[in-house]
Amino acid sequence: MKIQAAVLWEPGARLSIEEVDLDEPREDEILVAVEAVGVCHTDDKARQAKLPIVPPVILGHEGSGVVERAGAAVTRVKPGDRVLFTPDYCGRCRPCLLGRTPYCEDVIAVTFTGTRRDGSPRAYRDGKPVRASFFGQSSFATHSLVTERNIVPVPRDAPLRYMAGLTCGVQTGAGAMLSAMPVAPGRSVSVFGTGAVGLAAVMAAAASGADEIVAVDRVAHRLRLAAELGATHVIDTTGRDLADVSAEVVTVTGGGADVALDTTTSPAVIRAAVLSLATLGTCGFVSGAGDLVLPPTALQLGGRSLRGIMGGDINPTVFLPRLLDLHARGRFPFGKLVRNYPFAQVNTAIADSLSGEVIKPVLTFA
Ligand SMILES: [Zn+2]
Ligand SMILES: [Zn+2]
């Protein structure tokens, strides 16, 4: 079938919206009319060839929409059902079998090869293959092929124009607080970096009843939003030494944070987050580049922990309905992070995400 898709033809190029031929759904595949798709820094990393993906490719990995057709082997959804797409996984390795799909051992191939497992492409342009399985979905397009592995059904009236932004960074930040680390009433939390991941963490910490929530960033408007979403104290790091920032967290939490989360990817900031922990505290981080330098005693003497967290350490099938429920009860107002753009403005949305002007751009196809 003919679809409209945002294609990356060359590394670093702008995405070009054009007509592409999408394959018919195979037995295990689901054809979805995309209704909304979130934009994330990972899309831009792929665009700039900082990820192992080869153009031509259709990007987009936070899709959602309405099922149009389902292959004969599909049992979980039928035409008319509404779904969120999640990152794909192999379903066969040990972490996948344990339900810990963000830690899939085959994640690189599943996410970035951009074809079906048998190597066949899902899309063509003028008879030539276009990679259309980025994160198992390639959802910068009017239609997308997915499988039962990487969808989560949502209620008929679910506001996808917000929710499409839930399945990557927001889930990561929320899962870090609600699943990966011991956040509970009476505990103190610090969050370093208040983009989509960090702000989701602030909301989730507030929903968990954390006593003190300290948000740390160098962008004033993000810190204002953090305060609106539940941060009890904000620290603007502009022009400040990171050692001072750690010391301020220790002071305002009355001895250090029980839980810290770094979302900045900077080893220096991860170090500052560890040094802001209370005795027996836990620091998590969701990404990083470069080497982390930390005296072992910073962890050992106070029984502190440092752990890496992928995808919020959650199983999307179980966790996303929980987030939607928190949202319905007004305890996870993630709509405040979203600005909608028409699909035609995909390049503007990517630019606004990178500049930090918008926390979570979501493209719509209405
Ligand atoms: Zn993402
Ligand atoms: Zn796996």
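Indexing begins at 1, ligand by ligand and atom by atom, following the structure's order. For this chain, numbers begin at 1 and follow the sequence in order. Here the structure is a predicted model, which means the values were calculated and not measured.
- Put simply, His41 stays out of reach of the Zn ion (ligand 1), with no N, O or S atom under 2.8 Å from it.
- Asp21 and Lys2 are joined by a salt bridge, as a carboxylate oxygen and a charged side-chain nitrogen come within less than 4.0 angstrom of each other.
- Note that CG of Leu277 and CG of Leu306 are 8.5 Å apart. Values are rounded to the nearest 0.5 Å.
- Geometry about the Zn ion (ligand 1) gives an angle of 120° between NE2 of His61 and SG of Cys168, rounded in steps of 10 degrees.
- The atom name of the N/O/S atom in Glu62 closest to the Zn ion (ligand 1) is OE2.
- Remark: Asp241 engages Ala243, Asp244 in a side chain to side chain contact (heavy atoms under 4.5 Å, CB included) (not counting sequence neighbours).
- Counting only distance, with no hydrogens or angles, the side chain of Lys336 and the backbone of Leu229 share no donor-acceptor pair below 3.5 Å.
- Look at Asp325 and Arg322 and you find no salt bridge, because none of the NZ, NE, NH1 or NH2 atoms lies under 4.0 Å from a carboxylate O.
- Asp81 and Arg76 are not joined by a salt bridge, as no carboxylate oxygen comes within less than 4.0 angstrom of a charged side-chain nitrogen.
- Judged by distance alone, the side chains of His61 and Ser139 never bring a donor and an acceptor atom under 3.5 Å apart.
- Inspection of the environment of the Zn ion (ligand 2) yields the following protein N, O or S atoms under 2.8 Å: Cys90 SG, Cys93 SG, Cys96 SG, Cys104 SG.
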